[in-house]
Asker: 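Let me give you the structure first, and then I'll get to my questions.
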Amino acid sequence: MASIGQIVNPTPGSDALSRARQRAALVPDCLVEAKRIANTVIAGWHGRRKRGIGENFWQFRPYAEGESLSRIDWRRSARDDHTYVREREWEAAHTIWLWCDMSPSMMYKSSYGSVSKESRALVIMLALAEILARSGERIGCPGIMEPASARNAAERLAAALMHTPLTGGLPETAMIRGWSDLVLIGDFLDDAPAIMERLGPLARRGLRGHVVEISDPAEEIFPYSGRTEFTDPESGAKLISGRAEHIREAYRNAYLARRDSLGQSLRHLGWTFASHRTDHLASEALVAVHMYLSGMPAKATHGGQL
């Protein structure tokens with residue numbers, strides 16, 4: 001039977017150096033794809049805009065009795081028989097920290113998925129940076145890039161990722177201050193209690209969190225049968241199953257139970273959780289996270305709870 005999935009082969013050399021080179025080669029293509037997706041998603045929609053203190057025009061609305069006359073826009077009111085007030089757009093920049101897992105397990109790609117988990121995570125993170133930068137938000141990446149408000153935040157983040165040593169696991173968050181948003185993108189294959197032990201203190205510090213689980217279709221549906229060798233990409237440990245189809249149901253139950261446990265625990269903290277498969281459009285996950293950041297409820301799809 002042909003192999004269903006594989007770890008993307010790194011360039012020959014030491015493990016850390018070869019993987020760093022591979023990621024550096026991957027980032028430019030991911031940035032191009034991220035910009036394309038961002039342009040598609042953001043067209044005609046600006047989910048984080050709202051009325052408030054600022055310089056830019058927001059909208060005209062009818063004057064309400066008792067309001068200060070100084071707020072009336074007399075030029076607009078002169079056009080018809082109604083009196084209008086000019087409202088301005090809220091412009092207080094928010095800090096949003098973006099992070100995606102670079103563990104070896106993220107390099108997996110099966111014949112059922114269109115890209116590796118690592119590639120999809122990078123595209124979603126960079127596309128989100130592109131959209132949020134256009135909204136005037138301050139974008140940062142823990143341990144990689146300090147928060148900055150700039151139109152080219154996605155390019156700056158991509159450049160930082162290309163020249164940063166590879167790290168796995170959850171990021172260090174000591175540098176995150178104040179009431180910020182933290183978007184975490186990865187496969188989160190560790191036990192849910194171990195993950196929550198790291199994330200729980202962040203919620204108690206006032207951080208709003210948004211977790212996006214990236215999975216390959218083969219990890220969810222378990223299409224293996226017959227004699228199959230499984231390799232742990234993190235440790236290199238191997239497991240041989242004589243008839244893989246006999247463990248399919250038990251595996252799927254455990255896999256989905258881990259996801260459900262993690263999602264429920266995160267929602268109990270007041271955080272959001274989305275699951276995304278690499279055989280679906282990246283824009284689906286991007287829209288879901290952007291709606292969460294905008295304070296809007298996201299819809300669920302058959303590819304996982306959004």
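Sequence positions, counted from 1, serve as the residue numbers for this chain.
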Asker: Roughly how far, to the nearest 0.5 Å, is CD1 of Ile195 from CG of Leu266?
Answerer: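 Answer rounded to 0.5 Å: 8.0 Å.
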Asker: Taking 4.0 angstrom as the limit, do Arg252 and Glu249 come out as a salt bridge?
Answerer: no
Asker: Hey, does Thr278 have a side-chain heavy atom less than 4.5 Å from the side chain of Pro217?
Answerer: yes
Asker: Is the backbone N or O of Lys238 less than 3.5 Å from a side-chain atom of Glu229, with the two atoms forming a donor-acceptor pair by type?
Answerer: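 Not at all, since once roles are kept as given, no pair shorter than 3.5 Å links the two residues.
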Asker: Show the nearest heavy-atom pair for residues His82 and Asp80, with the distance to one decimal.
Answerer: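 What the structure gives for the nearest pair is N-OD1, 3.0 Å.
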Asker: How about CZ on Arg227, more than 12 heavy atoms from neighbouring residues, nucleotides or ligands closer than 6.0 Å, or not?
Answerer: no
Asker: Less than 4.0 angstrom from a charged side-chain N to a carboxylate O is my criterion; do Glu118 and Lys109 meet it?
Answerer: no
Asker: How long is the gap from SG on Cys30 to CG on Leu161, to the nearest 0.5 Å?
Answerer: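 If I round to the nearest 0.5 Å, the distance is 9.5 Å.
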Asker: Are any non-hydrogen side-chain atoms of Pro104 and Glu234 less than 4.5 angstrom apart?
Answerer: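 Yes, their side chains come closer than 4.5 Å.
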Asker: Is a donor from one side chain sitting under 3.5 angstrom from an acceptor on the other, for Asn39 and Arg134?
Answerer: yes
Asker: The test is side chain to side chain contact (heavy atoms under 4.5 Å, CB included); show your working for Glu33 and Leu126 and say whether it passes.
Answerer: CA-CA 9 Å; Glu33 177 68 3; Leu126 293 173; over 6 Å; no
Asker: So, Glu213 and Arg258, do they make that salt bridge, N to O below 4.0 Å?
Answerer: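 Yes, charged N to carboxylate O under 4.0 Å.
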Asker: Of the non-hydrogen atoms in Ala153 and Ala133, which two are nearest, and what is the gap between them?
Answerer: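 Heavy atoms only, the tightest pair is CB-CB, 3.8 Å.
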Asker: Rounded to the nearest 0.5 Å, what separation is found between the OG1 atom of Thr272 and the CZ atom of Arg208?
Answerer: 8.0 Å
Asker: What I want to check is whether the side chains of Arg120 and His276 have a donor and an acceptor closer together than 3.5 Å.
Answerer: yes
Asker: Check Asp279 with Arg277, please: is the shortest side-chain N to carboxylate O separation under 4.0 Å?
Answerer: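 Yes, this pair counts.
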Asker: Can you give me the closest heavy-atom contact between Phe188 and Val212, atom names plus distance?
Answerer: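 Heavy atoms only, the tightest pair is CE1-O, 3.4 Å.
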Asker: Quick one: does Asp191's side chain have a donor or acceptor within less than 3.5 Å of a partner on Pro193's backbone?
Answerer: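 Between the backbone of Pro193 and the side chain of Asp191 there is no qualifying donor-acceptor contact (under 3.5 Å).
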Asker: With heavy-atom distances below 4.5 Å as the criterion, would you say the side chains of Ile185 and Ile214 are in contact?
Answerer: yes
Asker: For residues Leu293 and Leu128, determine if any side-chain heavy atom of one lies less than 4.5 Å from a side-chain heavy atom of the other.
Answerer: yes
Asker: Distance check, rounded to the nearest 0.5 Å: Leu132 atom CG versus Ile96 atom CD1?
Answerer: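 The CG atom of Leu132 sits 4.0 Å away from the CD1 atom of Ile96.
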Asker: If hydrophobic clusters are built from ILVMFWY residues whose side chains come within less than 4.5 Å, do Val287 and Leu281 share one?
Answerer: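 Not linked; separate clusters.
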Asker: Test Arg259 against Ser215 for side chain to side chain contact (heavy atoms under 4.5 Å, CB included), laying out the working first.
Answerer: CA-CA 11 Å; Arg259 173 184 290 169; Ser215 64; 3.6 Å; yes
Asker: Short question: side chain of Trp97, backbone of Leu184 - any donor-acceptor pair under 3.5 Å?
Answerer: no
Asker: So, taking the atom named CG in Asp181 and the one named CG in Leu98, what distance separates them when rounded to the nearest 0.5 Å?
Answerer: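 Atom-to-atom, Asp181:CG and Leu98:CG are 9.5 Å apart.
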Asker: Let's go through Trp99 and Val183 carefully: what are the C-alpha distance in whole Å and the side-chain angles of both, what is the deciding distance for side chain to side chain contact (heavy atoms under 4.5 Å, CB included) to 0.1 Å, and is it a yes or a no?
Answerer: CA-CA 6 Å; Trp99 172 88; Val183 180; over 6 Å; no
Asker: Should Ile124 and Val32 be regarded as members of a common hydrophobic cluster, given that ILVMFWY residues are connected when their side-chain heavy atoms come within less than 4.5 Å of each other, either directly or indirectly?
Answerer: no
Asker: Determine whether Ile37 and Val123 make a side-chain contact, defined as any pair of heavy atoms from C-beta on separated by less than 4.5 Å.
Answerer: yes
Asker: Can you find a pair of side-chain heavy atoms, one from Trp271 and one from His210, that are under 4.5 Å apart?
Answerer: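 No - every pair of side-chain heavy atoms lies 4.5 Å or more apart.
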Asker: Would you check, one step at a time, whether the test side chain to side chain contact (heavy atoms under 4.5 Å, CB included) holds for Trp74 with Tyr84?
Answerer: CA-CA 7 Å; Trp74 297 106; Tyr84 292 94; over 6 Å; no
Asker: Aromatic contact between Phe222 and Tyr255, with the criterion being ring centroids under 6.0 Å apart: yes or no?
Answerer: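 So the answer is no for these two rings.
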Asker: Give a yes or no on whether the backbone of Ile131 and the side-chain of Ser135 come within a donor-acceptor separation of less than 3.5 Å.
Answerer: yes
Asker: With the 4.5 Å side-chain cut-off for hydrophobic clustering, are Val115 and Tyr108 part of the same group?
Answerer: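 They do not share one cluster, since no chain of ILVMFWY contacts under 4.5 Å joins Val115 to Tyr108.
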Asker: One thing to verify: whether Asp187 and Lys117 come together as a salt bridge, which I'm taking to mean a side-chain N less than 4.0 angstrom from a carboxylate O.
Answerer: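 Salt bridge present between Lys117 and Asp187.
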Asker: If we ignore hydrogens and angles and just use 3.5 Å, is the side chain of Glu219 paired with the main-chain N or O of Asp216 as donor and acceptor?
Answerer: yes
Asker: Short question: side chain of Arg205, backbone of Gly200 - any donor-acceptor pair under 3.5 Å?
Answerer: no
Asker: Would you find a donor on one side and an acceptor on the other, under 3.5 Å apart, between the side chain of Ser261 and the backbone of Ala257?
Answerer: no
Asker: Check whether Glu130 reaches the backbone of Ala154 with its side chain - one donor and one acceptor, N or O, closer than 3.5 Å.
Answerer: no
Asker: Could you walk me through whether Glu155 and Lys35 satisfy the salt bridge (Lys or Arg N to Asp or Glu O under 4.0 Å) test, starting with their C-alpha distance in whole Å, then the side-chain angles of each, then the deciding distance to 0.1 Å, before giving a yes or no?
Answerer: CA-CA 10 Å; Glu155 289 90 340; Lys35 284 182 171 291; 2.8 Å; yes
Asker: Should the heavy atoms of other residues, nucleotides or ligands under 6.0 Å from CD of Glu197 be counted, would the total exceed 12?
Answerer: no
Asker: Looking at every non-hydrogen atom in both residues, tell me the closest pair between Leu202 and Arg198 and how far apart they are.
Answerer: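 That closest heavy-atom pairing would be CG-O, 3.8 Å.
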Asker: So, the side chain of Ser103 versus the backbone of Met106: is there a donor-acceptor pair under 3.5 Å, distance only?
Answerer: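 Here the side-chain-to-backbone pair does not exist.
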Asker: Looking at Thr231 and Pro233, would you say the former's side chain and the latter's main chain have a donor-acceptor pair under 3.5 Å?
Answerer: no
Asker: To the nearest 0.5 Å, how far apart are CZ in Arg138 and OG1 in Thr95?
Answerer: 3.5 Å
Asker: Considering only heavy atoms from C-beta outward, does the side chain of Ile72 approach that of Ser77 to under 4.5 Å?
Answerer: yes
Asker: May I ask you to test the Tyr112-Ile221 pair for a side-chain heavy-atom distance under 4.5 Å?
Answerer: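 Result yes, sub-4.5 Å side-chain heavy-atom pair found.
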